[in-house]
Peer 1: 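A single structure is presented below for examination.
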Amino acid sequence: MVGEYTQARRLKTLVEHYVDVRRRKHQFICIALAIRAIRQFETDPISDNFLAQMIAEYARDQGLDVRIEEAGSAISLEAA
């Protein structure tokens, strides 16, 4: 139980850090680039859809636009 909490908290911290750093220079977040960057540090198996949802939700909360730049991508974000 503690391990799962620690993993979830670590992932949330990575997502928040990535979005916060990008927000300083840009008014949008590219989901595919964010996933690629976060995967460099996150070794646990997490689906792209789950990670995309986390990134998009936090980015929207921070007032950023969210862009999905890969046509035909398997990532589908639910409307918030």
Side-chain angles (χ1 to χ4, degrees):
M1 183 72 96
V2 173
E4 290 177 16
Y5 173 78
T6 302
Q7 290 171 340
R9 180 66 194 139
R10 182 172 184 267
L11 180 60
K12 184 175 187 245
T13 300
L14 284 170
V15 168
E16 290 173 355
H17 179 72
Y18 180 86
V19 171
D20 291 342
V21 168
R22 294 287 298 178
R23 182 174 66 171
R24 293 180 195 152
K25 293 185 179 183
H26 305 282
Q27 297 297 316
F28 62 91
I29 292 292
C30 294
I31 295 294
L33 293 177
I35 289 173
R36 199 172 322 149
I38 291 169
R39 287 224 182 268
Q40 292 180 11
F41 300 97
E42 182 55 54
T43 57
D44 293 328
I46 298 165
S47 75
D48 283 351
N49 283 338
F50 181 77
L51 191 51
Q53 286 292 142
M54 286 186 73
I55 295 164
E57 183 177 310
Y58 186 71
R60 286 186 198 126
D61 289 347
Q62 300 305 308
L64 298 172
D65 290 332
V66 176
R67 297 183 184 176
I68 302 173
E69 55 284 322
E70 293 181 316
S73 173
I75 299 172
S76 61
L77 299 178
E78 297 175 8

Peer 1: Who passes side chain to side chain contact (heavy atoms under 4.5 Å, CB included) against Ala34, sequence neighbours left out?
Peer 2: Tyr18, Ile29, Ile55

Peer 1: According to the salt bridge (Lys or Arg N to Asp or Glu O under 4.0 Å) rule, which pairs have a member within residues 6-21, sequence neighbours left out?
Peer 2: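 Counting only pairs at least two positions apart or across chains, the salt bridge (Lys or Arg N to Asp or Glu O under 4.0 Å) contacts touching residues 6-21 are Arg10-Glu42, Lys12-Glu16, Asp20-Arg23.
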
Peer 1: Quick check for you: to the nearest 0.5 Å, what is the distance between Arg39 atom CZ and Leu51 atom CG?
Peer 2: 5.5 Å

Peer 1: Which heavy atom of Ala52 sits nearest to which heavy atom of Ile31, and what is that distance?
Peer 2: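 In this case the closest contact between Ala52 and Ile31 is CB-CG2, 3.7 Å.
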
Peer 1: Do you reckon Leu33 sits in the same ILVMFWY cluster as Ile35, going by side-chain contacts under 4.5 Å, direct or chained?
Peer 2: yes

Peer 1: At their closest point, which heavy atom of Val19 faces which heavy atom of Gln62, and how far apart are they?
Peer 2: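 Minimum heavy-atom separation between Val19 and Gln62: CG1-CG, 4.3 Å.
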
Peer 1: Of all the heavy-atom pairs spanning Phe41 and Ala37, show the shortest one and how long it is.
Peer 2: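 Heavy-atom minimum between the residues: CD1-O, 3.5 Å.
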
Peer 1: Please find the pair of heavy atoms, one from Met54 and one from Leu11, that lie closest to each other, and give the distance.
Peer 2: SD-CD2, 3.5 Å

Peer 1: Mind checking the CD1-NE2 spacing from Ile38 to His17? Nearest 0.5 Å is all I need.
Peer 2: 10.0 Å

Peer 1: Compare all side-chain heavy atoms of Glu57 with those of Val15 and state whether any distance is below 4.5 angstrom.
Peer 2: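 Side chain of Glu57 against side chain of Val15, heavy atoms only: no contact under 4.5 Å found.
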
Peer 1: With hydrophobic residues grouped by side-chain heavy-atom distances under 4.5 Å, do Tyr58 and Phe28 end up in a single group?
Peer 2: no

